[in-house]
Amino acid sequence: MNAAMDTAFFSAWVGEIARAVQSDKERLTRLDAAIGDADHGINLDRGFTAVVQALADKDPGTPGALLTLVGSTLIRKVGGASGPLYGMAFREAGKALGDASEVSAGELATALEAGLAGIQKLGSAVEGDKTMVDALAPAVRALAQAVRNGKDAPEAIGEAASAALAGTEATIPMTARKGRASYLGPRSVGHEDPGAASTALILTALRTVAAR
Ligand code: ADP
Ligand code: MG
């Protein structure tokens with residue numbers, strides 16, 4: 001990555017999320033069909049389509065303002081559990097960035113930590129409950145660790161994306177304890193959690209943009 005993590009970088013991230021959600025819409029919905037109500041891909045596609053439109057309309061001037069707008073748009077446009085949860089995460093991440101015009105890898109790690117804290121405050125899921133937290137928590141840890149080890153942003157973000165993918169895979173044998181999937185009890189075992197899968201997709205999109 002040659003460019004700094006500025007507003008254009010975060011805008012490119014959101015564009016890449018929207019593209020990835022659209023192309024993986026069916027896969028996410030299929031995962032949700034197995035242990036939920038088959039709307040996760042549809043929910044996120046609707047949400048990120050609205051987000052791209054909102055960014056074009058309002059043209060936020062800082063990374064923090066941009067992430068805050070992503071969050072408030074998701075809250076407005078996405079029903080279900082994931083809209084408020086992702087909305088809260090992006091809003092808290094945006095708030096953590098303040099009005100800085102460029103973001104370091106360490107500041108990004110702090111912002112994602114704030115996003116995770118927001119999700120856990122709202123949904124009270126812990127790791128092992130078979131939710132998006134099982135992808136995001138290890139990703140946030142990997143990012144912070146990589147930054148402490150002196151890795152540059154693309155490398156550190158790459159490690160976060162890998163951790164999110166591994167965390168998603170690790171949800172397969174788990175029993176769901178939060179959200180709709182928890183109604184299934186032990187029958188939720190053997191399926192990947194759709195929210196963990198979409199979190200991995202969001203962080204993979206970040207890796208793609210950081211590697212450009
Ligand atoms: P809904 O379950 O309302 O249909 P979605 O299908 O869009 O909403 O999202 C389902 C995902 O939301 C789940 O796969 C899980 O990862 C996540 N989720 C549900 N409840 C919680 C919670 N309390 N904390 C964290 N994540 C949750
Ligand atoms: Mg659902």
Side-chain angles (χ1 to χ4, degrees), residues 14 17-52 67 70-93 111-142 160-161 163-206:
V14 171
I17 295 171
R19 194 203 59 71
V21 164
Q22 191 172 41
S23 82
D24 273 15
K25 183 165 106 173
E26 250 110 77
R27 178 177 68 90
L28 294 173
T29 289
R30 214 164 38 239
L31 293 174
D32 197 31
I35 57 171
D37 58 353
D39 65 356
H40 191 57
I42 296 158
N43 284 343
L44 290 189
D45 188 39
R46 186 193 319 114
F48 279 96
T49 298
V51 163
V52 166
L67 294 186
V70 171
S72 57
T73 305
L74 291 176
I75 291 169
R76 239 172 350 95
K77 293 283 179 179
V78 183
S82 63
L85 289 165
Y86 277 135
M88 177 72 133
F90 278 98
R91 259 181 21 184
E92 293 296 307
L112 294 191
E113 269 161 18
L116 170 63
I119 288 176
Q120 293 192 285
K121 192 171 134 203
L122 185 62
S124 64
V126 297
E127 284 181 81
D129 285 349
K130 196 180 180 99
T131 71
M132 53 178 70
V133 170
D134 291 301
L136 187 55
V140 166
R141 271 199 300 277
L165 288 163
T168 300
E169 182 97 22
T171 64
I172 296 173
M174 291 177 185
T175 303
R177 282 192 289 258
K178 285 283 181 294
R180 267 177 213 288
S182 67
Y183 308 154
L184 293 179
R187 283 185 292 128
S188 63
V189 170
H191 303 279
E192 191 173 289
D193 177 63
S198 60
T199 292
L201 183 152
I202 288 167
L203 290 167
T204 303
L206 184 60

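Each residue takes its place number in the sequence, starting with 1. Just so you know, ligand 1 is whichever comes first in the structure, and atom 1 is the first atom listed for that ligand.
Close contacts between ligand 1 and Asp39 involve ligand atoms 4 (O), 5 (P), 6 (O) [criterion: under 4.0 Å to a heavy atom]. Using a 4.0 Å cut-off to heavy atoms of Asn43, the atoms of ligand 1 that qualify are 5 (P), 7 (O). For ligand 1, the atoms sitting less than 4.0 Å from at least one non-hydrogen atom of Ser82 are 5 (P), 7 (O), 8 (O), 9 (O), numbered in the order shown with element in parentheses. Those atoms of ligand 1 that come under 4.0 Å of a heavy atom in Ala125, given as number and element, are 24 (N), 25 (C). Taking every non-hydrogen atom of Asp32 and a distance limit under 4.0 Å, the qualifying atoms of ligand 1 come out as 6 (O).
Ranking protein heavy atoms by distance to atom 4 (O) of ligand 1, first place goes to Asp37 OD1, 2.9 Å. Here the heavy atom of the protein found nearest to atom 17 (C) of ligand 1 is Met132 CE, 3.9 Å. For atom 16 (O) of ligand 1, the closest non-hydrogen atom on the protein side is Asp193 OD2, 2.6 Å. Residue, atom and distance of the protein heavy atom nearest to atom 21 (C) of ligand 1 are Leu85 CD1, 3.6 Å. The shortest contact between atom 23 (N) of ligand 1 and any protein heavy atom is with Gly123 O, 3.0 Å. Looking only at protein heavy atoms, the nearest one to atom 8 (O) of ligand 1 is Ala81 N, 3.2 Å. Regarding atom 20 (N) of ligand 1, its nearest protein heavy-atom neighbour is Gly179 CA, 3.5 Å.
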Kindly determine whether Ile75 and Arg91 satisfy side-chain contact (heavy atoms from CB on, under 4.5 Å), including the steps that lead there. CA-CA 10 Å; Ile75 291 169; Arg91 259 181 21 184; 3.5 Å; yes

For a side-chain contact (heavy atoms from CB on, under 4.5 Å) check, start with the C-alpha distance between Leu122 and Glu92, then their side-chain angles and the critical distance, and finish with the verdict. CA-CA 12 Å; Leu122 185 62; Glu92 293 296 307; over 6 Å; no

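Among protein atoms, those of element N, O or S found less than 2.8 Å away from the Mg ion (ligand 2) are Asp32 OD2, Asp37 OD1, Asp39 OD1.
With hydrogens and angles ignored, the 3.5 Å screen pairs no side-chain donor or acceptor of Arg46 with any backbone N or O of Val78. The backbone N or O of Thr171 sits less than 3.5 Å from a side-chain atom of Lys130, completing a donor-acceptor pair.
Residue contacts with ligand 1 include Pro194, since one of its heavy atoms falls under 4.0 Å from the ligand.
In terms of N/O distances under 3.5 Å, ligand 1 is not approached by Ser124.
No part of Ile35 comes within 4.0 Å of ligand 1, judged by heavy-atom distances.
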